[in-house]
2 protein chains.
Amino acid sequence: MSPGRIPLYRALYEKLRRHIVDGLYREGDLLPSENELCKLHNLTRPTVRKALDLLNNEGFIKRHQGLGSVVHKLPKGIGILSISGTTTAIGRDNLETRTIIKPVLTSWPPDFPFSLSDNEKEVGCMNFTRLRLVSGKPVIYDISYIPNINLPRFTARNLDNKSLFNILRTAYGIEVKGGEQYIKAINAPEPDICSILDIRPETPVLHLQRRIDTNRLNFYLYSILYCNTGGHSLYGIF
Amino acid sequence: MSPGRIPLYRALYEKLRRHIVDGLYREGDLLPSENELCKLHNLTRPTVRKALDLLNNEGFIKRHQGLGSVVHKLPKGIGILSISGTTTAIGRDNLETRTIIKPVLTSWPPDFPFSLSDNEKEVGCMNFTRLRLVSGKPVIYDISYIPNINLPRFTARNLDNKSLFNILRTAYGIEVKGGEQYIKAINAPEPDICSILDIRPETPVLHLQRRIDTNRLNFYLYSILYCNTGGHSLYGIF
DNA sequence: CAGTGGTCTAGACCACAGT
DNA sequence: CTGTGGTCTAGACCACTGA
(Lines give C-alpha, C1' and ligand atoms only; values in the text may rest on other atoms or scores of the structure.)
Protein backbone atom coordinates (compact mmCIF):
# COMPACT_ATOMS: atom_id res chain seq x y z
CA MET A 1 0.00 0.00 0.00
CA SER A 2 1.47 3.33 -0.99
CA PRO A 3 1.96 5.97 1.68
CA GLY A 4 -0.69 8.14 0.09
CA ARG A 5 -0.29 11.73 -0.90
CA ILE A 6 0.09 14.15 1.95
CA PRO A 7 -2.04 17.30 1.67
CA LEU A 8 -0.16 20.56 1.82
CA TYR A 9 -2.02 21.79 4.88
CA ARG A 10 -1.19 18.54 6.61
CA ALA A 11 2.49 18.84 5.80
CA LEU A 12 2.58 22.37 7.17
CA TYR A 13 0.67 21.26 10.26
CA GLU A 14 3.17 18.53 10.95
CA LYS A 15 6.10 20.82 10.39
CA LEU A 16 4.81 23.45 12.78
CA ARG A 17 3.76 20.80 15.25
CA ARG A 18 7.26 19.37 15.25
CA HIS A 19 8.71 22.82 15.77
CA ILE A 20 6.49 23.35 18.79
CA VAL A 21 7.10 19.92 20.29
CA ASP A 22 10.83 20.24 19.74
CA GLY A 23 10.83 23.52 21.62
CA LEU A 24 11.69 25.78 18.72
CA TYR A 25 8.75 27.83 19.87
CA ARG A 26 8.05 28.11 23.56
CA GLU A 27 4.86 28.61 25.47
CA GLY A 28 3.56 32.11 24.84
CA ASP A 29 5.58 32.66 21.69
CA LEU A 30 3.92 33.94 18.55
CA LEU A 31 3.93 31.77 15.44
CA PRO A 32 4.69 33.58 12.18
CA SER A 33 1.57 35.34 10.96
CA GLU A 34 -0.66 33.66 8.41
CA ASN A 35 0.59 35.90 5.63
CA GLU A 36 4.18 35.21 6.56
CA LEU A 37 3.53 31.47 6.50
CA CYS A 38 1.96 31.89 3.06
CA LYS A 39 5.09 33.48 1.69
CA LEU A 40 7.44 31.12 3.52
CA HIS A 41 5.80 27.97 2.15
CA ASN A 42 4.30 29.26 -1.09
CA LEU A 43 0.76 28.54 0.00
CA THR A 44 -2.44 30.53 0.02
CA ARG A 45 -4.11 31.68 3.16
CA PRO A 46 -6.96 29.15 3.33
CA THR A 47 -4.39 26.36 3.15
CA VAL A 48 -2.26 27.91 5.87
CA ARG A 49 -5.35 28.52 7.97
CA LYS A 50 -6.37 24.88 7.67
CA ALA A 51 -3.00 23.85 9.11
CA LEU A 52 -3.42 26.33 11.94
CA ASP A 53 -6.97 25.07 12.53
CA LEU A 54 -5.52 21.63 13.20
CA LEU A 55 -2.95 22.98 15.63
CA ASN A 56 -5.68 24.99 17.30
CA ASN A 57 -8.07 22.04 17.61
CA GLU A 58 -5.38 19.91 19.18
CA GLY A 59 -4.43 22.57 21.67
CA PHE A 60 -0.98 23.47 20.38
CA ILE A 61 -1.88 27.09 19.69
CA LYS A 62 -4.55 29.61 20.57
CA ARG A 63 -5.33 32.31 18.04
CA HIS A 64 -6.20 35.86 18.90
CA GLN A 65 -7.57 38.36 16.44
CA GLY A 66 -5.27 41.31 16.02
CA LEU A 67 -2.47 39.58 17.89
CA GLY A 68 -1.49 36.30 16.30
CA SER A 69 -1.24 32.59 16.97
CA VAL A 70 0.11 31.95 20.44
CA VAL A 71 1.90 28.70 21.23
CA HIS A 72 0.17 26.89 24.06
CA LYS A 73 2.62 24.00 24.67
CA LEU A 74 1.39 20.47 25.38
CA PRO A 75 1.65 17.04 23.80
CA LYS A 76 -1.29 15.17 22.43
CA GLY A 77 -1.42 11.94 20.50
CA ILE A 78 -3.98 11.63 17.76
CA GLY A 79 -7.36 11.64 19.34
CA ILE A 80 -6.13 10.30 22.61
CA LEU A 81 -6.58 11.77 25.99
CA SER A 82 -2.90 11.95 26.62
CA ILE A 83 -1.39 11.28 29.98
CA SER A 84 -0.11 14.16 31.97
CA GLY A 85 1.94 13.72 35.07
CA THR A 86 0.88 15.34 38.27
CA THR A 87 4.40 16.51 38.91
CA THR A 88 6.40 16.37 35.72
CA ALA A 89 5.39 16.29 32.12
CA ILE A 90 5.72 12.99 30.36
CA GLY A 91 7.70 12.80 27.16
CA ARG A 92 7.68 9.94 24.74
CA ASP A 93 10.87 8.65 26.33
CA ASN A 94 9.43 7.25 29.50
CA LEU A 95 6.28 5.90 27.88
CA GLU A 96 6.39 2.19 27.22
CA THR A 97 3.93 -0.32 25.78
CA ARG A 98 3.92 -4.03 26.50
CA THR A 99 1.72 -6.64 24.90
CA ILE A 100 0.08 -8.77 27.57
CA ILE A 101 -2.18 -10.95 25.44
CA LYS A 102 -1.15 -11.38 21.82
CA PRO A 103 -3.73 -11.00 19.08
CA VAL A 104 -6.07 -13.95 18.80
CA LEU A 105 -9.05 -14.46 16.58
CA THR A 106 -12.16 -14.92 18.67
CA SER A 107 -15.82 -14.06 18.89
CA TRP A 108 -17.10 -10.84 20.43
CA PRO A 109 -17.70 -10.84 24.20
CA PRO A 110 -21.38 -11.30 25.09
CA ASP A 111 -21.43 -8.10 27.14
CA PHE A 112 -19.73 -5.93 24.51
CA PRO A 113 -20.58 -2.28 25.28
CA PHE A 114 -21.06 -1.14 21.67
CA SER A 115 -23.67 -2.31 19.26
CA LEU A 116 -22.21 -4.27 16.38
CA SER A 117 -23.34 -4.61 12.81
CA ASP A 118 -24.35 -8.00 11.48
CA ASN A 119 -21.20 -8.07 9.42
CA GLU A 120 -19.00 -7.39 12.43
CA LYS A 121 -20.73 -10.10 14.46
CA GLU A 122 -20.30 -12.57 11.67
CA VAL A 123 -16.56 -12.19 11.14
CA GLY A 124 -15.61 -12.08 14.80
CA CYS A 125 -12.67 -10.05 16.03
CA MET A 126 -9.01 -9.89 16.86
CA ASN A 127 -8.54 -9.48 20.58
CA PHE A 128 -5.35 -8.40 22.29
CA THR A 129 -4.34 -6.42 25.34
CA ARG A 130 -1.51 -4.04 26.05
CA LEU A 131 -0.14 -2.33 29.11
CA ARG A 132 1.11 1.26 29.02
CA LEU A 133 3.78 2.12 31.51
CA VAL A 134 5.10 5.50 32.50
CA SER A 135 8.58 5.48 33.95
CA GLY A 136 8.25 1.74 34.37
CA LYS A 137 5.00 1.93 36.33
CA PRO A 138 1.83 0.48 34.86
CA VAL A 139 -0.81 3.15 34.20
CA ILE A 140 -3.19 1.98 31.49
CA TYR A 141 -4.45 -1.46 30.59
CA ASP A 142 -5.86 -1.50 27.08
CA ILE A 143 -8.11 -4.26 25.78
CA SER A 144 -8.52 -3.92 22.02
CA TYR A 145 -11.01 -5.46 19.63
CA ILE A 146 -10.61 -5.22 15.87
CA PRO A 147 -13.14 -6.73 13.47
CA ASN A 148 -11.56 -9.56 11.53
CA ILE A 149 -11.97 -7.96 8.14
CA ASN A 150 -9.21 -8.24 5.56
CA LEU A 151 -6.19 -7.77 7.81
CA PRO A 152 -3.83 -10.52 6.65
CA ARG A 153 -1.19 -11.70 9.08
CA PHE A 154 -2.28 -9.28 11.75
CA THR A 155 -2.11 -11.87 14.53
CA ALA A 156 1.57 -12.41 13.77
CA ARG A 157 2.53 -8.80 14.35
CA ASN A 158 4.49 -7.60 17.33
CA LEU A 159 2.80 -4.62 18.91
CA ASP A 160 5.35 -3.88 21.62
CA ASN A 161 6.36 -0.25 21.66
CA LYS A 162 4.75 0.34 18.30
CA SER A 163 1.79 2.43 17.51
CA LEU A 164 -1.18 0.34 16.56
CA PHE A 165 -2.36 3.26 14.45
CA ASN A 166 0.94 3.37 12.58
CA ILE A 167 0.79 -0.33 11.79
CA LEU A 168 -2.74 -0.01 10.54
CA ARG A 169 -1.79 2.94 8.36
CA THR A 170 1.43 1.62 6.88
CA ALA A 171 0.51 -2.04 6.52
CA TYR A 172 -3.18 -1.80 5.71
CA GLY A 173 -3.86 1.77 4.61
CA ILE A 174 -6.26 2.36 7.48
CA GLU A 175 -6.30 5.89 8.84
CA VAL A 176 -7.83 6.80 12.17
CA LYS A 177 -10.29 9.65 11.77
CA GLY A 178 -11.66 10.15 15.27
CA GLY A 179 -13.91 8.38 17.67
CA GLU A 180 -16.10 8.48 20.71
CA GLN A 181 -15.69 7.34 24.27
CA TYR A 182 -17.61 6.80 27.47
CA ILE A 183 -15.82 7.52 30.72
CA LYS A 184 -16.61 6.28 34.19
CA ALA A 185 -14.99 6.02 37.60
CA ILE A 186 -15.16 2.52 39.04
CA ASN A 187 -13.58 0.55 41.80
CA ALA A 188 -10.82 -1.65 40.50
CA PRO A 189 -12.27 -4.51 38.48
CA GLU A 190 -11.25 -8.16 38.21
CA PRO A 191 -8.29 -9.25 40.33
CA ASP A 192 -6.10 -10.02 37.31
CA ILE A 193 -6.43 -6.45 36.09
CA CYS A 194 -5.63 -5.21 39.58
CA SER A 195 -2.45 -7.21 39.64
CA ILE A 196 -1.48 -6.09 36.15
CA LEU A 197 -1.96 -2.45 37.14
CA ASP A 198 -0.33 -3.14 40.50
CA ILE A 199 -3.17 -1.69 42.57
CA ARG A 200 -5.20 -2.78 45.56
CA PRO A 201 -8.74 -4.07 44.89
CA GLU A 202 -10.49 -1.01 46.31
CA THR A 203 -8.56 1.55 44.25
CA PRO A 204 -10.67 3.88 42.10
CA VAL A 205 -9.89 3.52 38.42
CA LEU A 206 -10.89 5.29 35.23
CA HIS A 207 -12.85 3.11 32.86
CA LEU A 208 -13.04 4.11 29.20
CA GLN A 209 -14.97 2.49 26.40
CA ARG A 210 -13.92 3.73 22.99
CA ARG A 211 -15.06 3.30 19.45
CA ILE A 212 -12.58 4.60 16.89
CA ASP A 213 -13.53 5.67 13.37
CA THR A 214 -11.37 4.97 10.35
CA ASN A 215 -11.27 5.99 6.72
CA ARG A 216 -12.84 2.63 5.82
CA LEU A 217 -16.58 2.83 5.73
CA ASN A 218 -18.18 0.91 8.58
CA PHE A 219 -14.82 -0.23 9.93
CA TYR A 220 -14.29 0.64 13.58
CA LEU A 221 -11.74 -0.23 16.20
CA TYR A 222 -12.86 -0.81 19.77
CA SER A 223 -10.98 -0.65 23.00
CA ILE A 224 -11.67 -0.77 26.68
CA LEU A 225 -9.22 0.95 28.98
CA TYR A 226 -8.56 0.77 32.69
CA CYS A 227 -6.45 3.63 33.92
CA ASN A 228 -4.86 4.07 37.32
CA THR A 229 -5.00 7.82 37.88
CA GLY A 230 -3.33 7.70 41.25
CA GLY A 231 -0.14 9.19 39.85
CA HIS A 232 -1.28 10.75 36.59
CA SER A 233 -4.36 12.47 35.28
CA LEU A 234 -5.77 12.02 31.84
CA TYR A 235 -5.56 15.25 29.92
CA GLY A 236 -7.88 16.50 27.23
CA ILE A 237 -8.80 19.63 25.37
CA PHE A 238 -12.11 20.71 23.92
CA MET B 1 -21.33 46.13 21.87
CA SER B 2 -24.47 44.36 20.69
CA PRO B 3 -24.89 40.58 20.81
CA GLY B 4 -22.48 40.30 17.92
CA ARG B 5 -23.03 39.33 14.34
CA ILE B 6 -23.50 35.66 13.71
CA PRO B 7 -21.32 34.26 10.94
CA LEU B 8 -23.11 32.56 8.08
CA TYR B 9 -21.35 29.25 8.61
CA ARG B 10 -22.35 29.36 12.27
CA ALA B 11 -25.98 30.03 11.42
CA LEU B 12 -26.04 27.09 9.03
CA TYR B 13 -24.32 24.90 11.61
CA GLU B 14 -26.93 25.71 14.22
CA LYS B 15 -29.77 25.15 11.80
CA LEU B 16 -28.51 21.72 10.75
CA ARG B 17 -27.65 20.85 14.32
CA ARG B 18 -31.18 21.66 15.39
CA HIS B 19 -32.57 19.54 12.58
CA ILE B 20 -30.48 16.59 13.72
CA VAL B 21 -31.28 17.00 17.41
CA ASP B 22 -34.97 17.41 16.66
CA GLY B 23 -34.95 14.17 14.74
CA LEU B 24 -35.60 15.58 11.30
CA TYR B 25 -32.64 13.48 10.23
CA ARG B 26 -32.13 10.10 11.83
CA GLU B 27 -29.04 8.04 12.44
CA GLY B 28 -27.56 6.91 9.15
CA ASP B 29 -29.44 9.46 7.05
CA LEU B 30 -27.58 11.51 4.52
CA LEU B 31 -27.51 15.25 4.85
CA PRO B 32 -28.05 17.22 1.65
CA SER B 33 -24.83 17.32 -0.33
CA GLU B 34 -22.55 20.30 -0.01
CA ASN B 35 -23.57 21.63 -3.40
CA GLU B 36 -27.24 21.28 -2.51
CA LEU B 37 -26.69 23.15 0.74
CA CYS B 38 -24.95 25.89 -1.25
CA LYS B 39 -27.97 26.38 -3.46
CA LEU B 40 -30.46 26.03 -0.63
CA HIS B 41 -28.86 28.73 1.51
CA ASN B 42 -27.17 30.86 -1.14
CA LEU B 43 -23.71 30.18 0.21
CA THR B 44 -20.46 29.10 -1.35
CA ARG B 45 -18.90 25.76 -0.72
CA PRO B 46 -16.15 26.79 1.69
CA THR B 47 -18.79 28.39 3.90
CA VAL B 48 -20.98 25.33 3.80
CA ARG B 49 -17.99 23.13 4.46
CA LYS B 50 -17.07 25.15 7.52
CA ALA B 51 -20.50 24.53 8.97
CA LEU B 52 -20.16 20.81 8.24
CA ASP B 53 -16.70 20.84 9.80
CA LEU B 54 -18.26 22.00 13.04
CA LEU B 55 -20.91 19.29 12.95
CA ASN B 56 -18.20 16.78 12.18
CA ASN B 57 -15.93 17.91 14.99
CA GLU B 58 -18.76 17.65 17.47
CA GLY B 59 -19.75 14.21 16.35
CA PHE B 60 -23.12 14.97 14.77
CA ILE B 61 -22.07 13.77 11.34
CA LYS B 62 -19.36 11.69 9.72
CA ARG B 63 -18.35 12.52 6.17
CA HIS B 64 -17.42 9.96 3.56
CA GLN B 65 -15.87 10.82 0.25
CA GLY B 66 -18.04 9.76 -2.62
CA LEU B 67 -20.99 9.09 -0.35
CA GLY B 68 -21.99 12.14 1.65
CA SER B 69 -22.40 13.41 5.17
CA VAL B 70 -23.93 10.74 7.35
CA VAL B 71 -25.84 11.66 10.48
CA HIS B 72 -24.25 10.04 13.51
CA LYS B 73 -26.19 8.66 16.39
CA LEU B 74 -26.62 10.99 19.31
CA PRO B 75 -24.60 10.47 22.47
CA LYS B 76 -26.32 8.81 25.38
CA GLY B 77 -24.05 10.00 28.15
CA ILE B 78 -23.62 13.48 29.46
CA GLY B 79 -21.64 15.47 26.98
CA ILE B 80 -19.49 17.36 29.36
CA LEU B 81 -16.37 16.69 27.38
CA SER B 82 -17.70 18.47 24.34
CA ILE B 83 -18.23 22.15 24.46
CA SER B 84 -21.64 22.06 22.90
CA GLY B 85 -22.85 19.38 25.23
CA THR B 86 -22.78 21.45 28.36
CA THR B 87 -25.08 24.18 27.19
CA THR B 88 -27.75 22.23 25.42
CA ALA B 89 -27.49 18.83 27.06
CA ILE B 90 -27.38 16.61 24.03
CA GLY B 91 -29.28 13.40 24.20
CA ARG B 92 -30.61 13.87 27.69
CA ASP B 93 -33.89 15.30 28.75
CA ASN B 94 -34.54 16.24 32.34
CA LEU B 95 -31.25 17.93 32.95
CA GLU B 96 -31.58 20.37 35.82
CA THR B 97 -29.15 22.78 37.42
CA ARG B 98 -29.38 24.04 40.98
CA THR B 99 -27.20 26.66 42.57
CA ILE B 100 -25.86 25.39 45.87
CA ILE B 101 -23.56 28.26 46.84
CA LYS B 102 -24.36 31.61 45.30
CA PRO B 103 -21.59 33.68 43.76
CA VAL B 104 -19.38 35.36 46.32
CA LEU B 105 -16.29 37.44 45.86
CA THR B 106 -13.34 35.79 47.54
CA SER B 107 -9.66 35.03 47.16
CA TRP B 108 -8.35 32.01 45.29
CA PRO B 109 -7.99 28.77 47.25
CA PRO B 110 -4.41 28.11 48.38
CA ASP B 111 -4.33 24.72 46.64
CA PHE B 112 -5.76 25.92 43.33
CA PRO B 113 -4.81 23.37 40.66
CA PHE B 114 -4.04 25.85 37.87
CA SER B 115 -1.32 28.44 37.82
CA LEU B 116 -2.69 31.97 37.95
CA SER B 117 -1.35 35.17 36.49
CA ASP B 118 -0.40 38.01 38.81
CA ASN B 119 -3.42 39.91 37.59
CA GLU B 120 -5.77 37.05 38.39
CA LYS B 121 -4.29 36.64 41.86
CA GLU B 122 -4.66 40.34 42.53
CA VAL B 123 -8.33 40.71 41.68
CA GLY B 124 -9.51 37.53 43.38
CA CYS B 125 -12.42 35.53 42.04
CA MET B 126 -16.11 34.85 42.07
CA ASN B 127 -16.82 31.48 43.57
CA PHE B 128 -20.06 29.55 43.26
CA THR B 129 -21.19 25.96 43.05
CA ARG B 130 -23.94 24.24 41.16
CA LEU B 131 -25.44 20.79 41.12
CA ARG B 132 -26.50 19.09 37.89
CA LEU B 133 -29.29 16.61 38.18
CA VAL B 134 -30.50 14.10 35.62
CA SER B 135 -34.07 12.95 36.11
CA GLY B 136 -33.96 14.46 39.57
CA LYS B 137 -30.87 12.58 40.67
CA PRO B 138 -27.68 14.49 41.44
CA VAL B 139 -24.88 13.62 39.05
CA ILE B 140 -22.36 16.45 38.86
CA TYR B 141 -21.19 18.93 41.47
CA ASP B 142 -19.56 21.90 39.80
CA ILE B 143 -17.36 24.35 41.70
CA SER B 144 -16.68 27.39 39.53
CA TYR B 145 -14.11 30.16 39.81
CA ILE B 146 -14.25 33.26 37.66
CA PRO B 147 -11.64 36.02 37.93
CA ASN B 148 -13.25 39.18 39.26
CA ILE B 149 -12.58 41.26 36.17
CA ASN B 150 -15.17 43.70 34.92
CA LEU B 151 -18.30 41.61 35.44
CA PRO B 152 -20.72 44.11 37.02
CA ARG B 153 -23.58 42.71 39.08
CA PHE B 154 -22.52 39.13 38.44
CA THR B 155 -22.98 38.09 42.05
CA ALA B 156 -26.61 39.12 41.87
CA ARG B 157 -27.45 36.81 38.99
CA ASN B 158 -29.52 33.71 39.35
CA LEU B 159 -27.79 30.77 37.72
CA ASP B 160 -30.48 28.15 38.27
CA ASN B 161 -31.31 26.29 35.11
CA LYS B 162 -29.46 28.81 33.03
CA SER B 163 -26.38 28.29 31.05
CA LEU B 164 -23.46 30.12 32.56
CA PHE B 165 -22.00 30.39 29.08
CA ASN B 166 -25.17 32.02 27.78
CA ILE B 167 -25.15 34.58 30.57
CA LEU B 168 -21.54 35.40 29.91
CA ARG B 169 -22.21 35.80 26.22
CA THR B 170 -25.38 37.84 26.35
CA ALA B 171 -24.63 40.00 29.36
CA TYR B 172 -20.89 40.46 29.04
CA GLY B 173 -19.98 39.55 25.45
CA ILE B 174 -17.74 36.72 26.59
CA GLU B 175 -17.60 33.73 24.26
CA VAL B 176 -16.23 30.38 25.30
CA LYS B 177 -13.65 29.16 22.82
CA GLY B 178 -12.45 25.87 24.28
CA GLY B 179 -10.43 24.64 27.19
CA GLU B 180 -8.42 21.91 28.80
CA GLN B 181 -9.12 19.45 31.55
CA TYR B 182 -7.48 16.91 33.80
CA ILE B 183 -9.47 13.81 34.65
CA LYS B 184 -8.99 11.42 37.55
CA ALA B 185 -10.86 8.71 39.36
CA ILE B 186 -10.96 9.23 43.10
CA ASN B 187 -12.82 7.89 46.07
CA ALA B 188 -15.57 10.24 47.10
CA PRO B 189 -14.11 13.39 48.63
CA GLU B 190 -15.25 15.52 51.53
CA PRO B 191 -18.41 14.37 53.35
CA ASP B 192 -20.41 17.43 52.34
CA ILE B 193 -19.86 16.67 48.67
CA CYS B 194 -20.84 13.06 49.29
CA SER B 195 -24.11 14.14 50.80
CA ILE B 196 -24.77 16.61 48.01
CA LEU B 197 -24.21 13.90 45.41
CA ASP B 198 -26.10 11.42 47.58
CA ILE B 199 -23.35 8.79 47.59
CA ARG B 200 -21.59 6.71 50.19
CA PRO B 201 -18.09 7.80 51.21
CA GLU B 202 -16.29 4.96 49.44
CA THR B 203 -17.95 5.51 46.06
CA PRO B 204 -15.59 6.08 43.12
CA VAL B 205 -16.11 9.47 41.54
CA LEU B 206 -14.80 11.27 38.49
CA HIS B 207 -12.78 14.35 39.31
CA LEU B 208 -12.28 16.98 36.62
CA GLN B 209 -10.26 20.15 36.74
CA ARG B 210 -11.02 22.45 33.84
CA ARG B 211 -9.64 25.68 32.49
CA ILE B 212 -11.89 27.28 29.90
CA ASP B 213 -10.67 29.74 27.27
CA THR B 214 -12.68 32.76 26.18
CA ASN B 215 -12.52 35.36 23.46
CA ARG B 216 -11.08 37.81 25.99
CA LEU B 217 -7.33 37.71 26.02
CA ASN B 218 -5.98 36.16 29.23
CA PHE B 219 -9.45 35.68 30.67
CA TYR B 220 -10.16 32.12 31.73
CA LEU B 221 -12.92 30.38 33.64
CA TYR B 222 -12.05 27.59 36.02
CA SER B 223 -14.14 24.80 37.40
CA ILE B 224 -13.70 21.67 39.44
CA LEU B 225 -16.22 18.91 38.93
CA TYR B 226 -17.14 15.84 40.92
CA CYS B 227 -19.20 13.42 38.92
CA ASN B 228 -21.02 10.33 40.11
CA THR B 229 -20.77 7.99 37.16
CA GLY B 230 -22.70 5.20 38.82
CA GLY B 231 -25.70 5.90 36.63
CA HIS B 232 -24.28 7.83 33.70
CA SER B 233 -21.02 7.91 31.80
CA LEU B 234 -19.37 11.01 30.58
CA TYR B 235 -19.28 11.07 26.83
CA GLY B 236 -16.74 12.61 24.53
CA ILE B 237 -15.61 12.56 20.94
CA PHE B 238 -12.23 13.14 19.40
C1' DC C 1 -20.51 6.91 -15.27
C1' DA C 2 -22.32 11.10 -12.36
C1' DG C 3 -22.15 12.87 -7.90
C1' DT C 4 -19.85 13.15 -3.61
C1' DG C 5 -16.51 15.09 -0.41
C1' DG C 6 -11.16 16.52 -0.23
C1' DT C 7 -7.93 19.87 -1.55
C1' DC C 8 -6.30 24.31 -3.30
C1' DT C 9 -6.04 28.96 -5.41
C1' DA C 10 -6.51 34.20 -5.53
C1' DG C 11 -8.58 37.41 -4.41
C1' DA C 12 -11.89 40.56 -0.94
C1' DC C 13 -13.67 42.99 3.28
C1' DC C 14 -14.14 43.12 8.28
C1' DA C 15 -12.99 43.31 13.54
C1' DC C 16 -9.58 43.56 16.75
C1' DA C 17 -4.74 44.38 19.15
C1' DG C 18 -0.77 47.04 19.59
C1' DT C 19 1.61 51.39 18.43
C1' DC D 1 -2.23 53.76 11.94
C1' DT D 2 -0.48 48.84 10.45
C1' DG D 3 -0.78 44.15 10.89
C1' DT D 4 -3.29 40.44 12.77
C1' DG D 5 -6.76 36.74 12.48
C1' DG D 6 -12.10 36.04 11.06
C1' DT D 7 -15.17 35.62 7.36
C1' DC D 8 -16.59 34.96 2.57
C1' DT D 9 -16.61 34.47 -2.50
C1' DA D 10 -16.02 31.94 -7.13
C1' DG D 11 -13.92 29.32 -9.26
C1' DA D 12 -10.70 24.68 -10.11
C1' DC D 13 -9.04 19.78 -10.05
C1' DC D 14 -8.74 15.31 -7.68
C1' DA D 15 -10.19 10.76 -5.22
C1' DC D 16 -13.67 8.11 -3.95
C1' DT D 17 -18.52 5.86 -3.88
C1' DG D 18 -22.29 3.72 -5.90
C1' DA D 19 -24.80 2.35 -9.83
Side-chain angles (χ1 to χ4, degrees), chain A residues 1-14 16 28-57 60-72 173-175 177-178 213-219, chain B residues 1-14 16 28-57 60-72 173-175 177-178 213-219:
Chain A
M1 202 72 67
S2 69
R5 198 178 123 283
I6 294 176
L8 299 176
Y9 75 89
R10 181 105 203 153
L12 176 57
Y13 154 77
E14 280 168 5
L16 293 171
D29 283 358
L30 281 175
L31 243 45
S33 78
E34 296 180 356
N35 283 319
E36 284 172 341
L37 288 173
C38 292
K39 288 168 195 160
L40 282 170
H41 301 87
N42 281 307
L43 298 169
T44 54
R45 225 181 124 212
T47 306
V48 166
R49 279 183 64 78
K50 188 145 185 178
L52 295 176
D53 281 345
L54 283 181
L55 290 170
N56 185 60
N57 289 340
F60 288 103
I61 63 171
K62 289 293 171 190
R63 294 145 108 182
H64 293 284
Q65 205 172 66
L67 178 59
S69 296
V70 182
V71 173
H72 185 271
I174 294 174
E175 303 262 5
K177 286 180 70 178
D213 305 327
T214 71
N215 58 344
R216 280 200 198 173
L217 208 45
N218 298 320
F219 182 74
Chain B
M1 204 65 78
S2 54
R5 196 179 122 284
I6 294 176
L8 299 176
Y9 75 87
R10 180 105 203 152
L12 176 57
Y13 154 77
E14 280 168 5
L16 292 172
D29 284 358
L30 282 175
L31 244 45
S33 78
E34 297 179 357
N35 283 320
E36 283 172 343
L37 289 172
C38 291
K39 288 168 196 159
L40 281 170
H41 301 88
N42 280 309
L43 298 170
T44 53
R45 226 182 121 209
T47 307
V48 167
R49 279 184 64 78
K50 188 146 186 177
L52 294 177
D53 281 344
L54 283 180
L55 291 170
N56 185 60
N57 290 339
F60 288 102
I61 63 171
K62 289 293 171 191
R63 294 148 107 183
H64 294 283
Q65 205 173 71
L67 178 61
S69 297
V70 182
V71 174
H72 192 264
I174 294 174
E175 303 262 4
K177 286 179 69 178
D213 306 326
T214 71
N215 58 343
R216 280 200 198 173
L217 209 45
N218 298 320
F219 182 75

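Just so it is clear: chains get the letters A, B, ... in the order the sequence lines come, proteins before strands, and each one is counted from 1. All values derive from a computational prediction rather than experimental measurement.
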* Asked: If we call it a pair only when both distances are under 3.5 Å in a Watson-Crick or G-U wobble match, what pairs with C/dT19?
  ->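 Result: none.
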* To do: Map A/N215 and B/R45 onto DNA chain D by nearest heavy atom, then report which one ends up closer to the 5' terminus.
  =>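 Mapping each residue to its closest nucleotide by heavy atoms, the 5'-most match is B/R45.
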* Rounding to a whole Å, what distance do you find between A/R49:CZ and C/dC8:P? ->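 One finds 16 Å between P of C/dC8 and CZ of A/R49, rounded.
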* Asked: Taking atom P of C/dA12 as reference, at what distance in whole Å does atom CG of B/L8 sit?
  ->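 Distance, rounded to whole Å: 20 Å.
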* Asked: Can you list, by residue number, the residues of residues 31-40 of chain A that have a non-hydrogen atom closer than 4.0 angstrom to DNA chain C?
  ->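 Heavy-atom contacts with DNA chain C come from no residue of residues 31-40 of chain A; none.
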* To do: Would you kindly check whether a donor in the side chain of A/R10 faces an acceptor in the base of C/dG6, or vice versa, at under 3.5 angstrom?
  =>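 For A/R10, whose side chain was compared with the base of C/dG6, there is no donor-acceptor pair (under 3.5 Å).
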* Sequence-distant partners of B/N215, side chain to side chain contact (heavy atoms under 4.5 Å, CB included), two or more places apart ->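 Expected list: B/I174, B/E175, B/K177.
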Side chains of [X] and [Y] in contact at under 4.5 Å (non-hydrogen atoms):
X: B/R63; Y: B/D53; result: yes
X: B/V48; Y: B/H41; result: no
X: A/V70; Y: A/L30; result: yes

* Asked: Base, sugar-phosphate, or nothing: which does A/P7 touch, judged by heavy atoms less than 4.0 Å apart?
  ->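 Sugar-phosphate, no base atom in range.
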* Hey, does A/L52 reach any base, or is it just sugar-phosphate, or nothing, if we go heavy atoms under 4.0 Å? ->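 Nothing: the residue A/L52, judged by heavy atoms under 4.0 Å, touches no strand.
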* Asked: What are the two closest non-hydrogen atoms of B/L31 and B/V71, and how far apart are they?
  ->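 Taking every non-hydrogen atom into account, CD1-CG2, 3.6 Å.
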